[in-house]
Amino acid sequence: MKAYIETYGCQMNVNDTEVIFAILEKAGYGRTEKMEEADLILANTCSIRDNAEQRIWGRIEVFQQQRKARPGVLVGIVGCMAERLKDKLLDTRKVDLVVGPDAYRSLPRLLAAITPDQPQMDVLLSRDETYADITPVRTDKNGLSAFISIMRGCNNVCSYCVVPYTRGAERSRDAHSIVREACDVYQKGYKEVTLLGQNVDSYLWKSETETVNFAGLLARVAAIAPDLRVRFATSHPKDISDEVIETMAAHENICKHIHLPVQSGSTRLLEKMRRKYSREWYLERVAKIRSLIPDCGLTTDVIAGFCSETLEDHQDTLSLMEEVGFDWAFMFAYSDRPGTLANRTMADDVPAAEKNRRLNEIIELQNRKSLERYRAQIGKQVQVLVEGPSKRNPAQLCGRASNNMMCVFPAGKLKVGDYATVTVVDCTSATLICE
Ligand code: SAH
Ligand code: SF4
Ligand code: F3S
């Protein structure tokens, strides 16, 4: 039997899909990348914005065609949208299985219990599930870069965000199991691990004899091997500590890139968002990062048109982006999510057209800033990890610099997995062209 899984949403979902494949193996399912030959079709879903869910509804129709054409094929929705909508997904009668992010261990049992008129569901959230003992079935293309979840859930209550509802309370995974997993992938030839959590800076694991915080975990993973690169996401501006920044600076192989979502440049709005930091606090953290790691890559997330956002608030966002100069940003129009604090207590009062106008201004500014940031690299030497052929020009190779900028360069004698030092000679707003 074969399982096919489409993955939507964040990197954590990519890793969850790898955990699901590992659990499905126990139920006798191998992995396929072709929906047409699958006995089990799953979508690992995201609820973060309404358009993310709309896309899944479209996919359910496509899966339904498979289900009709090939009797016996099972269709399931797992992940955040499963958790959010629960039996509403079963009401469609197009889905045999609904499983939330903390219930993947029950997949074999649920699959065995499904009958044509008895779909199965498990959406229980857990206080301690971290899947620590499950070795994910890696799905990355080149056996080079592995995601490792170090925690699950989120204890923040950002007023716009569904994640605390779909993923439950924050819990940190056993530090030893994380280090073991990183060692294991390194021994299998991997050259890069990315430690994942909604707020990695609040990682905290305790046993009877030791307490490990995020800086401590970073140092332990970095100590595995000098040629194993360590990345991580996502950092929270309120929690990123000097100790974390110092640990990055102290280890050559911890990549010099921080994804630090700002959301807004207006302190008034940050308060309404319940982000628990101010514009000034954010700028101070950026100054600290740049003083300890001068060439640190910095990327962010921005939301345009959150509840009650005025033109002045919007200008604050633009001016903060101008001041910081991010390398890259994920930029979104605010999407009202049922059940969140904002949804229950604030009016979604910026009209859609105005949200998009502001979003476009933000995108335009960021494109200009990205180009500036990439241009500033021209003439520098950077170390890249060779990932494979460049998408645009297969005669060239591509790979990321420590600061996460994508580089393309002539192949020479290099092969996938090599480290190379290249010189930046030109750029676009998203690629460094190197020699
Ligand atoms: N844990 C991370 C972000 C997780 S969600 C953090 O705290 O920053 C990824 C991004 O989606 C967020 O940073 C935010 O910019 C965006 N986002 C979350 N909820 C949203 C909503 N309701 N509308 C628009 N964008 C949203
Ligand atoms: Fe959502 Fe805030 Fe948690 Fe990030 S920190 S996942 S934005 S609630
Ligand atoms: Fe989406 Fe869930 Fe990740 S809502 S962003 S898949 S935690």
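Hydrogens, waters and symmetry mates play no part in the numbers below; they use all other heavy atoms, side chains included. Index from 1, following the sequence. When a ligand or atom number is given, it counts from 1 through the structure's own listing order.
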Q) How many protein atoms of type N/O/S are positioned less than 2.8 Å from atom 2 (Fe) of ligand 3? A) 1
Q: Would you confirm whether S402, through its side chain, and K256, through its main-chain N or O, come within 3.5 Å as a donor-acceptor pair?
A: yes
Q) Does the gap between the ring centers of Y29 and F21 come in under 6.0 Å? A) no
Q: Consider every N or O of S335 and every N or O of ligand 1, then say whether any pair is closer than 3.5 Å.
A: yes
Q. Quick check: are there more than 12 heavy atoms from other residues, nucleotides or ligands sitting under 6.0 Å from CD of E252?
A. no
(Q) Looking at ligand 3, is there an atom of it that comes within less than 4.0 Å of some heavy atom belonging to Q198? (A) yes
Q.
Give me the residue, atom name and distance of the protein heavy atom closest to atom 15 (O) of ligand 1.
A. Q263 OE1, 2.6 Å
Q: Give yes or no for whether the N/O distance cutoff of 3.5 Å, strictly under, is met between R49 and ligand 1.
A: yes
Q) Are the side chain of D348 and the backbone N or O of N343 linked by a donor-acceptor pair below 3.5 Å? A) no
Q) Looking only at atom types and distance, does a side-chain atom of R231 sit under 3.5 Å from a main-chain N or O of C255, one as donor and one as acceptor? A) no
Q | Residue portion contacting ligand 1 (non-hydrogen atoms closer than 4.0 Å) for F332 | A | side chain
Q.
Check for me whether R275 has a heavy atom closer than 4.0 Å to any atom of ligand 2.
A. yes
Q. Is it the side chain (CB and beyond), the backbone, both or neither of I48 that lies under 4.0 Å from ligand 1, heavy atoms counted?
A. both
Q) Do the side chain of D184 and the main chain of R180 share a donor and acceptor less than 3.5 angstrom apart? A) no
Q: For side chain to side chain contact (heavy atoms under 4.5 Å, CB included), just list the numbers for I178 and H176, CA-CA rounded to whole Å, side-chain angles, deciding distance to a tenth of an Å, and then say yes or no.
A: CA-CA 5 Å; I178 296 167; H176 299 290; over 6 Å; no
Q. Quick one: nearest non-hydrogen protein atom to atom 19 (N) of ligand 1, plus distance?
A. Y160 CD1, 3.2 Å
**Q.** Count of N, O or S atoms belonging to protein, less than 2.8 Å from atom 1 (Fe) of ligand 2
**A.** 1
Q: Please identify each residue that fulfils salt bridge (Lys or Arg N to Asp or Glu O under 4.0 Å) with E312, with sequence neighbours left out.
A: none
Q. Do H314 and E361 have a side chain donor and acceptor closer than 3.5 Å?
A. yes
Q. Looking at ligand 1, does any of its N/O atoms fall within less than 3.5 Å of an N/O of N199?
A. no
Q: Taking salt bridge (Lys or Arg N to Asp or Glu O under 4.0 Å) as the test, write out the residues that go with D102, two or more places apart.
A: R152, R171
(Q) Does either side chain, that of S319 or that of E323, offer a donor lying less than 3.5 Å from an acceptor on the other one? (A) no
Q.
Just to be sure I'm reading this right: ignoring hydrogens, which of R275, Q198, H236 gets closest to atom 4 (C) of ligand 1? Compare them by their nearest heavy atoms.
A. Q198
Q: Identify the residue among R59, R55, K34 that makes a salt bridge (charged side-chain N to carboxylate O under 4.0 Å, His left out) with E6.
A: R59
Q.
Does any N or O of ligand 1 fall below 3.5 Å from an N or O anywhere on R337, backbone included?
A. no
Q. In ligand 2, which numbered atoms sit nearer than 4.0 Å to a non-hydrogen atom of H236?
A. 5 (S)
Q: With heavy atoms only and a cut-off of under 4.0 Å, state how C158 meets ligand 1: side chain, backbone, both or neither.
A: neither
Q) With no hydrogens and no angle check, is any side-chain donor or acceptor of T45 less than 3.5 Å from a backbone partner on V78? A) yes
Q) Have E192 and S145 got a donor and an acceptor in their side chains that come within less than 3.5 Å? A) yes
(Q) For atom 9 (C) of ligand 1, what is the closest protein heavy atom, and at what distance to 0.1 Å? (A) D301 OD2, 3.7 Å
Q: Could you tell me how the ring of W328 sits relative to the ring of F330: parallel (under 30°), tilted (30 to 60°) or perpendicular (over 60°)?
A: perpendicular
**Q.** Backbone of V73 reached by a side-chain donor or acceptor of D39 within 3.5 Å
**A.** no
Q.
Please determine whether any non-hydrogen atom of A342 lies less than 4.0 Å from an atom of ligand 1.
A. no
Q: Give the C-alpha distance, both sets of side-chain angles, the deciding distance and a yes or no for salt bridge (charged side-chain N to carboxylate O under 4.0 Å, His left out) between R357 and E309.
A: CA-CA 13 Å; R357 192 194 66 78; E309 187 185 74; over 6 Å; no
